[in-house]
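Chain A is the first sequence line, chain B the second, and so forth, proteins listed ahead of strands; every chain is numbered from 1.
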Protein chains: 2
Amino acid sequence: MKKVTINSVAEYAGVSKKTVSRVLNNEPNVSPATREKVLKVFKELDYKPNPIARGLARNKSFIIGCLYDNPSKSYITRVQSGALEACHKFNYNLLIHPCELRGTELIENVGQLLTTSRLDGLVLTPPFSDSQELIDYLKTQDIPYARVASAIQDDSSISVRSNDEQGAFELTEHLILLGHKDIAFIKGHPDHSATEKRFSGYRNALLKHGIDFKSHLVAEGNFSYHSGADSAKEILDLDPMPTAVFASNDYMAAAVLKLATQRQLKVPEDISIAGFDNAPIARHIWPGLTTIAQPVEEMTRQAVEQLIMQISDPSTEVYQKVLEAKLITRESTAAR
Amino acid sequence: MKKVTINSVAEYAGVSKKTVSRVLNNEPNVSPATREKVLKVFKELDYKPNPIARGLARNKSFIIGCLYDNPSKSYITRVQSGALEACHKFNYNLLIHPCELRGTELIENVGQLLTTSRLDGLVLTPPFSDSQELIDYLKTQDIPYARVASAIQDDSSISVRSNDEQGAFELTEHLILLGHKDIAFIKGHPDHSATEKRFSGYRNALLKHGIDFKSHLVAEGNFSYHSGADSAKEILDLDPMPTAVFASNDYMAAAVLKLATQRQLKVPEDISIAGFDNAPIARHIWPGLTTIAQPVEEMTRQAVEQLIMQISDPSTEVYQKVLEAKLITRESTAAR
DNA sequence: ATGATATTTGACACCGGTGTCATAATGTCA
DNA sequence: TGACATTATGACACCGGTGTCAAATATCAT
């Protein structure tokens, strides 16, 4: 299998390299006859341009990097799947790069990534999308990036998020309307901006309905199943026990459900449990979890799509969007 | 921020490009003094070689591709995490490429991937690692690849798998020793070689203990939660109902557990349920699933590590390994 | 000191494309 | 038909490295 390069094509077609390059890139100023001829040779020799050479000449790699550090596997796969969809639409590829937010090496680590892969852009998922330090660094490197599910203010970069506050508000209201007054809340990871947003949605709903906020009903989680299990213990040990628990994501809610069931509590008869995200686990367990569907794939898809726009035309207006979250009721919540 | 290239380094250090290149690649035949001098300039100018230029010159990208099409999110993330570990150890990056096994475009799709990204190697995960068609194609493209969890015979390529048959045998035996005789089995996806292996482990255990194999106790699944739900219905509708169910993975087992619970059956008192893989969900639900721990990360890590070895030295002996699977007992199985 | 050999170094082509600019071919209008 | 604008084409440098090979220098034995 001999290698077919732009040179061989040019020679075979009897034109210059440059003309072949023009045809390749659909540039104007090629006569129809010549274009036709070259295209035929492409077919005949089964020519595929070398992306690396092209990358060198144009200083582009057609690769987008995805940064993440998230305890939820399903969140990651959803992010990836949205990102891939957008990438493939525009013939980009996706390189994944998990790393840790904490630790002084973050900047170094990302810098390493940038120099070793020459990415054309970066998608930041929480908690990176909320890291001011990282964002400041990226600005100095002038590499385009897009933030997913970030609540921090930065008008100069692409951002797509969903309305966490609104979602949490609706879910809390749902519980209140079912007659619950003692609603425990499990917070997410403090590094994620969604954590505060969801918490404030919860508080606002209580406020609106004239229910006193009680701080002893709030447990500190970090989105991991394990932290949910710890919080579950705290909450179920309370006396009197709250009649409902709202966990900031489905994994933690699943942990509450597990402990409740272990303790012979009936869900939702004895206690209602709700989560957030609509992760697969929410419907894989019994009873199914009432939760808030967050359009993770869609957020990421849009973010990456816009990122690619920005890469191909830096003058594109910076896209900032907030998508709606939606209440999904299942069997884990019921009237008091 | 001015760009620092090999030329500027050379000029600044007062040596030729080539000498800089030698230092860069730790090549011999550079006098200690010169090497020292160049290294100092590296630091001073904060020089980072351009991987794309290097890739063009050496026809290498330092990127490994990972092909998958698997309904289990947790399986995918485990695969990725093992692959990433190996990649980062050797300064490679990982590009992920989900695609569908079925459909005539597979070869075309992969071909496209290879020409648009110039990968240095490919990791195949099930069901791709079992696809003879794909493997034949890859051989014609002469790109190095490694197979993960594949049972098909191919001495010429790297393969790391775990002992599915043995694992299924042990799990079945565990159920038998608990006194179960009517043990239903839910098969996995027919495109995965593990499916037959697990099934045959199940049959062999029955055989060894003199229990008749009953085909009506076998349901056809495909590893997805959904298929598990369908199979669960079939099995729980049987009369008499079997006293134990062994699903070929944990997702399907979780579906059985959900339906059983919905039907007010007590697990494990009324029916024992077991899965395979030791996916996170196995311990996220109540009762926890008895299952077989499959070292997915470790398999992939080894496969990628060997792949990289092979890339850097094609004469490396082809690595083929079978790792052990391990029985994990939890609350979902009990004596009859 | 001399020649023989080993080590260090650099000039230059090359990887496979793209960008710039000059030149050739064609079209337009008075 | 000539003057000029427009379109088509190619020569050549360039992106930032690596490979080849010959020249320069150092090392060693005699």
Whole Å only: how far is the [atom1] atom of [X] from the [atom2] atom of [N]?
X       : N      : atom1 : atom2 : result
B:Arg22 : D:dT18 : CZ    : P     : 11 Å
B:Asn7  : D:dG17 : CG    : P     : 8 Å
B:Tyr12 : D:dG16 : OH    : C1'   : 21 Å
A:Leu24 : C:dG19 : CG    : P     : 11 Å
B:Ile6  : C:dC15 : CD1   : C1'   : 14 Å
B:Glu11 : C:dG10 : CD    : P     : 13 Å
A:Asn25 : C:dG19 : CG    : P     : 7 Å

Can you tell me which nucleotide in C:dT18, D:dT9, D:dG16 comes closest to the side chain of B:Lys3? D:dG16
Confirm from the modelled atom types if B:Lys17 and C:dG10 form a donor-acceptor pair under 3.5 Å, side chain to base only. no
Would you mind telling me which residue lines up with the more 5' stretch of DNA chain D, A:Lys18 or B:Lys18, judged by nearest nucleotide? A:Lys18
Quick one: is C:dG16 close enough that its OP1 or OP2 comes under 4.0 Å of any side-chain N or O from A:Thr5? no
Does a side-chain N or O from B:Ser16 land closer than 4.0 Å to OP1 or OP2 of C:dA11, or not? no
For the pair A:Asn25 (side chain) and A:Ser21 (backbone), establish whether a donor and an acceptor sit closer than 3.5 Å, ignoring hydrogens and angles. yes
Once you round to the nearest 0.5 Å, how far does CZ of A:Arg35 lie from CG of A:Leu24? 11.0 Å
Atom pair CD/CG of A:Gln141 and A:Asp136 - distance to nearest 0.5 Å: 12.0 Å
Have a look at A:Val15 and say if it touches a base, only the backbone sugar-phosphate, or nothing, with a 4.0 Å heavy-atom cut-off. sugar-phosphate
Are any of the side-chain nitrogens in [X] or [Y] under 4.0 Å away from the carboxylate oxygens of its partner?
X        : Y        : value
A:Arg102 : A:Asp191 : yes
B:Lys89  : B:Glu85  : no
A:Lys139 : A:Asp154 : yes
B:Arg301 : B:Glu305 : yes

Would you say B:Lys60 and B:Ile311 make side-chain contact, with heavy atoms under 4.5 Å? yes
Would you check if A:Leu122 and A:Leu124 make a side-chain contact, meaning some heavy-atom pair closer than 4.5 Å? yes
Can you list, by residue number, the residues of residues 27-41 of chain A that have a non-hydrogen atom closer than 4.0 angstrom to DNA chain D? A:Asn29, A:Val30, A:Ser31, A:Thr34
Ranking B:Arg118 and B:Thr19 by the position along DNA chain C of their nearest nucleotide, the one closer to 5' is B:Thr19
Hey, can you pull the residues of residues 43-58 of chain A with a non-hydrogen atom under 4.0 angstrom from DNA chain C? A:Tyr47, A:Lys48, A:Pro49, A:Asn50, A:Ala53, A:Arg54, A:Leu56, A:Ala57, A:Arg58
